[in-house]
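Input: a single structure, listed below in structure tokens.
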2 protein chains.
Amino acid sequence: MGAGETRDRIVATADELFYASGFDSTSFADIADAVKISRGNFYYHFKTKDEILHAVIARRGAERRAMMERWESEGANPRDRIGRFIDILIVNQPKIMAHGCPIGTLCAELAKLDHAQHDEAAGLFTLFRDWLRTQFEKAGCGDASDDLAMHLLMRSQGVASLVNAFGDQDFVRREVEAMHAWLDARIGEAG
Amino acid sequence: MGAGETRDRIVATADELFYASGFDSTSFADIADAVKISRGNFYYHFKTKDEILHAVIARRGAERRAMMERWESEGANPRDRIGRFIDILIVNQPKIMAHGCPIGTLCAELAKLDHAQHDEAAGLFTLFRDWLRTQFEKAGCGDASDDLAMHLLMRSQGVASLVNAFGDQDFVRREVEAMHAWLDARIGEAG
DNA sequence: GTCTATACCATGATAGAC
DNA sequence: GTCTATCATGGTATAGAC
């Protein structure tokens, strides 16, 4: 097994465990056990916990960039593409209900830990913010585009937070519908 | 110094530390040091970490109940009272920017820890939800009242999450204004 | 590249003196 | 009710054999 392959498996596993159990609460032993390698071998690939956090954030960024590129090519117009963003709340509902938003909960945890990589994690939000802003601009929203992007991000975070606390599927459906209605009012059916 | 007084100081200090640094990351030693008692004495008052978490959640609940009673007596009408809830985002902005929403971040952390007291923490959200629902009912919103309460809670959580990540004051001001406008559209200036 | 063994420290928790 | 001393556990991290 090549070093790169093992490294990838470590990062993918750490990503899942950080999401499900939190960064601080996930130990090297947890990750090593899940990957089925020894703790000693683990340290061959990553010297510190911050190093693996950095790799996990980079992985999450790459995944989201790829996702937005898919939306870009599959969506016929800005409205449909932004709709795909809103629908994350439906597509990933079970995971969000169990563990919250992967980006929001990581940022919140790193803020409390006063962690140097907090801003790096917040950069994952920026990926969505910039992409959404571009879509709104393409739809002709001009200077308001960034505010609209932030507003959508905000609602997405709020819904994720409350479904994680209350576990109410109907609430999610209602709010996703309201977000689509809000979007139509600002962009129109044509996009 | 009476036992009750020391206990209160422990709970108040734990409350702050849990908020600023997270539940899991705050150790008994951290709390004991801040209260200026020995670790041994600490265990006279609280046997386990779950016990002190329980006390902290109870304290947060009592504080919020008292706050809502103040709003109830000071606000001339439901609209003004609900406005006080929205304005938390302004009044507590520095703390929220640094550490997020005390309730939202605690719920999120306990969810990741699979902690037995997660639902108890989510009950703090319910306090606001029920109080807001009652205000909307008094304003004549009928069956929609609970949905409106959840919608406001959602936006409050979303703003808290993003200001914690981005540290953007202007964003908060904009969204708080938008929440007031949303409220006026649903209840009207008279309340 | 992978393993075992181990050093070292912080943590939650206990025992017992005062 | 408060203290010091102590323990067991689990965490990060390292050394060195294979």
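FYI, side chains are in, hydrogens and waters are out, and symmetry mates aren't considered; it's all heavy atoms of this structure. Per chain, numbering begins at 1; letters A, B, ... match sequence-line order.
Shown for residues 107-115 of chain A: no residue has heavy atoms falling under 4.0 angstrom of DNA chain C. DNA chain D lies under 4.0 Å from at least one heavy atom of each of the following residues of residues 46-60 of chain A: A/K47, A/T48, A/K49.
Closest to the A/Y43 side chain, of the nucleotides D/dT2, D/dA13, C/dT14, is D/dA13. Nearest nucleotide to the side chain of A/F28, out of D/dG11, C/dT14, D/dA13: D/dA13.
Using modelled atom types and a 3.5 Å distance limit, the side chains of A/Q169 and A/Q93 yield a donor-acceptor pair. Residues A/D30 and A/S27 bring a donor and an acceptor atom of their side chains to less than 3.5 Å of each other. Looking at A/K112 and B/T105, their side chains do bring a donor and an acceptor atom within 3.5 Å of each other. Defined by atom type and a distance below 3.5 Å, a donor-acceptor pair is missing between the side-chain atoms of A/N164 and A/S161.
Between B/F85 and B/F128, the distance separating the two ring centers is shorter than 6.0 angstrom. If you look at B/Y43 and B/F28, their ring centroids are closer than 6.0 Å.
Taking atom CZ of A/F23 as the reference point, atom P of D/dG11 lies 14 Å away to the nearest angstrom. Between the P atom of C/dG1 and the CZ atom of A/R9 lies a distance of 14 Å, rounded to the nearest Å.
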One pair to check against salt bridge (charged side-chain N to carboxylate O under 4.0 Å, His left out): A/E74 and A/R84. What are the steps and the verdict? CA-CA 10 Å; A/E74 291 172 8; A/R84 296 288 295 270; 2.9 Å; yes
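Ionic pairing of B/K138 and B/E72 is present here: one or more N-O contacts between side-chain nitrogen and carboxylate oxygen are shorter than 4.0 angstrom. By the 4.0 Å N-to-carboxylate-O rule, A/E177 lies too far from A/R173 to be salt-bridged with it. In this structure, B/R59 pairs ionically with B/E63, as a charged nitrogen and a carboxylate oxygen lie closer than 4.0 Å.
Contact annotation for B/S25: no contact, since no heavy-atom pair falls under 4.0 Å across all strands.
Neither OP1 nor OP2 of C/dA10 sits under 4.0 Å from any side-chain N or O of B/S27.
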Set out, line by line, the N/O atom pairs under 3.5 Å between protein and nucleotides 3-6 of chain C.
from	atom 1	to	atom 2	distance (Å)
C/dC3	OP2	A/S38	N	2.8
C/dC3	OP2	A/S38	OG	3.2
C/dC3	OP2	A/N41	ND2	3.2

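Figure legend: B/R64 and B/F125 shown without cation-pi pairing, the cationic atom not lying both under 6.0 angstrom from the six-membered ring centre and within 45 degrees of its axis.
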